[in-house]
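Structure first, commentary second.
Chain A is the first sequence line, chain B the second, and so forth, proteins listed ahead of strands; every chain is numbered from 1. If you're wondering where the values come from, they're calculated on a predicted model, not measured in any experiment.
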2 protein chains.
Amino acid sequence: MRIQDVAAAAGVSVSAVSKVLRGAYGVSPQMRNRVTAAIEELGYRPHTGARAMRGRTYTIGVVLVELASPFQTEVAQGISDELDNTPYQDIIVTAGTSPKRQKASIEALLDRQVDGLVLVAPWLDTTWIEEIAKTVPVVTVALHGSPTTFDSVVDDERLGARLMVDHLVTAGHRRIVHTSMPPGESEGVFVLSHTARRQGFEQAMRHHGLEPDIIETWYSEEGGHRAALEAFARPEPPTAIFAGADVAALGVLRAAEEQGLRVPEDVSVAGYDNIYISTIRRVSLTTVDQSGHRTGEKCARLLLERIGGRTEPKQFVVAPKLVTRRTSGPPPGGAEA
Amino acid sequence: MRIQDVAAAAGVSVSAVSKVLRGAYGVSPQMRNRVTAAIEELGYRPHTGARAMRGRTYTIGVVLVELASPFQTEVAQGISDELDNTPYQDIIVTAGTSPKRQKASIEALLDRQVDGLVLVAPWLDTTWIEEIAKTVPVVTVALHGSPTTFDSVVDDERLGARLMVDHLVTAGHRRIVHTSMPPGESEGVFVLSHTARRQGFEQAMRHHGLEPDIIETWYSEEGGHRAALEAFARPEPPTAIFAGADVAALGVLRAAEEQGLRVPEDVSVAGYDNIYISTIRRVSLTTVDQSGHRTGEKCARLLLERIGGRTEPKQFVVAPKLVTRRTSGPPPGGAEA
DNA sequence: GTTCGCCTGTAGAACGTTGCACAAACCCCG
DNA sequence: CGGGGTTTGTGCAACGTTCTACAGGCGAAC
């Protein structure tokens, strides 16, 4: 089933069919009708590989770190939904946090001639991203900075961290520990989520006249668990732990439970991301929400604009929202802990 | 950067480079060396679109219902990991439960000339799947039946349901409610997970001389919640609820909490899937484990075999495993409830 | 009635691979 | 040293699309 067959069936030239397919200029209504009828009747579908040789593939590549991260999959879902009634199809690949594998995944997508690329929290040298952005439209998610050759969508994570610190301080907490991650090797002017959150935490704490207290582990259940055990073992343990990510907060909750600490009576626990688990009654974690779905939608729109011809870079900032649930409250002994 | 450039750099013909690339027969070691050196030096990467015109694309399409389903993403991860050091790249698309959108997604993948297709829990007419399996290797996940034109990997979900019923009955439960879903329109000889689980439940209950009791809602938090409320409102409420899926079990837990019922003292709750949430301390749900990761690995291997030339269909059954945690125990009043 | 410009539609040359068909070189054996 | 077979390397015709360049027709304006 080739374009040629459609042309034959409609009694027109191959070029004419191609024009109709691409919505190009110079097509009379009656020809358009005959061609679309023929396409319909034959059930013709364009061969993407052949298209890739000359023009567009109508494919958007989405690079995620991992599918287990709810925020990332929400972004992907947002892209998918936004693209739903366009001719574009999104395809997802997972790349892990290793820069080497990430690079390989992106290259695999470039080999497949995607028309656009969404990089969610890329652990990559930004100069390399700038490089590929010369070839194909790119939008990054959760990369803080001011890129000039590509677009970006970020949650204002410094603000988000500040909201959380304000919430805890207002409740009376003074000794607040933040769990973070080691900065990526490739972070410089451009910075990833965890660094932005840490910076927001530090800023907000100082603003309240408090000394920022950070334990560096990993954004994972295990990482949160380790950080919490370390914090609890101190002579003066914190009255609140603000984990850099909800997954880590889960580990903090486990550690608290193991140590016989009640939450929030003995210690308040908070996270960041508002992942699905945090919403369920049994967990009910105080956290910061950044809508992955809206982020994804925006990415898709930016990409379509770029494909449509825009060249000046755009940056879109999503506002974070504090979500207070049942894991946070006043410190033991009240506001004067 | 074309194959031609590589040929020129290596001082050989284009065909020769192609042979090396494809690992084809008739290549001397020294030519292979020169060509690979040239490829390396130039950083050449084959153009997938051009390949699609003639041969393989080295791309495996993975169709998931949604990224929010942990089992499905685990399968995808398993595929990805298994493919990691092969020349094949997996790409994921999400298709939803609507047969129409699923069909569109699969077609989008076929347009892109994938070399193989993994369909995870497809809500589709199996004759249509048989149809596309004529064109491209297909392996389905969680489709119970005996396909002749494609491969399949299934968890023995009837057995899994039986394990759970045995567990509950042994603990002393007699009034057990199972929450299920309406069977798909396209289910006939071939059956999806929820139907297999329901069948396993029915069989196991009868085997114990008990009447199967099923409430049909949806595999979702909300669905489980509704089913549980209905069950609790009965004159003789069940002492155990075996939700067809962990997500639904979460809704059951919420309903129990709202009704002031303690778990497992007043009512036991169990699920199926062993999703990540179920493992966290705060939830600790009794469930049945089916390893999504192993399932995915097997899918990839089956597909590679098919691409390698196998034609007779294979079916692979993964054994489910009962995971007892803290949401199940003896019924109130002991074994003689 | 000629000229000019616009509007429709077409021919055909790419695009970068693959793999068949074939040629050349080589090896082994009688 | 001739003949057969095998191994190694090459030429070239696809594959299905896009899009430029161009031809022909038609209408308006003079």
Scan residues 43-53 of chain A against DNA chain C and write down, sorted by residue number, each residue with any heavy atom closer than 4.0 Å; if none is found, say none.
A:Met53

Residue from B:Lys298, B:Arg310, B:Gln315 passing side-chain hydrogen bond (donor to acceptor under 3.5 Å, both in side chains) with B:Asp151:
B:Arg310

Nearest whole Å is fine: how far is C:dT10 C1' from A:Ile3 CD1?
13 Å

Could you check whether any side-chain heavy atom of A:Thr86 comes within less than 4.5 Å of a side-chain heavy atom of A:Leu83, counting everything from C-beta outward?
yes

Distance from B:His47 atom NE2 to B:Met1 atom CE, nearest 0.5 Å?
13.5 Å

How bent is the helix from C:dG1-D:dC30 to C:dG30-D:dC1, comparing axes over its five end pairs at each side, to the nearest 10°?
40°

Is any side-chain heavy atom of A:Tyr44 closer than 4.5 Å to a side-chain heavy atom of A:Ile3?
yes

So which heavy atom on A:Thr149 is nearest to which on A:Arg306, and how close?
O-NH2, 3.8 Å

To the nearest Å, give me how far apart CD (B:Gln113) and C1' (C:dT18) are.
14 Å

I'd like to check the salt bridge (Lys or Arg N to Asp or Glu O under 4.0 Å) partners of B:Arg45; sequence neighbours left out, ordered by chain and number.
A:Glu107, A:Asp111

A:Thr59 versus B:Arg112, side-chain donor and acceptor atoms under 3.5 Å:
yes

Mutual orientation of the aromatic rings belonging to B:Trp123 and B:His194 [parallel < 30°, tilted 30-60°, perpendicular > 60°]
parallel

Charged N-O contact under 4.0 Å between B:Glu305 and B:Arg301
no

Separation of atom CG in B:Leu21 from atom C1' in C:dT17, rounded to whole Å:
9 Å

Test your reading of the model: is there a side-chain donor-acceptor pair from B:Ser18 to the backbone of B:Val14, 3.5 Å cut-off?
no

Please report the interatomic distance OG1(A:Thr73) to CD(B:Gln72), rounded to the nearest 0.5 Å.
12.0 Å

Go through DNA chain D in 5' to 3' direction and return only the first and the last nucleotide with some atom under 4.0 Å of chain A's heavy atoms.
D:dG16 to D:dC19

What string of B, S and - do you get for nucleotides 19-24 of chain C, 5' to 3', when a contact is any protein heavy atom under 4.0 Å?
B-----

Answer yes if the side chains of A:Arg32 and A:Thr36 hold a donor-acceptor pair under 3.5 Å, and no otherwise.
no

Compile the donor-acceptor pairs under 3.5 Å between side chains in residues 132-144 of chain B and protein atoms, sequence neighbours left out, one pair per line.
unit_1: B:His144; atom_1: NE2; unit_2: B:Glu157; atom_2: OE1; d: 2.5

Note: for A:Ala16 and A:Arg2 on DNA chain D, the residue whose nearest nucleotide lies more 5' is A:Arg2

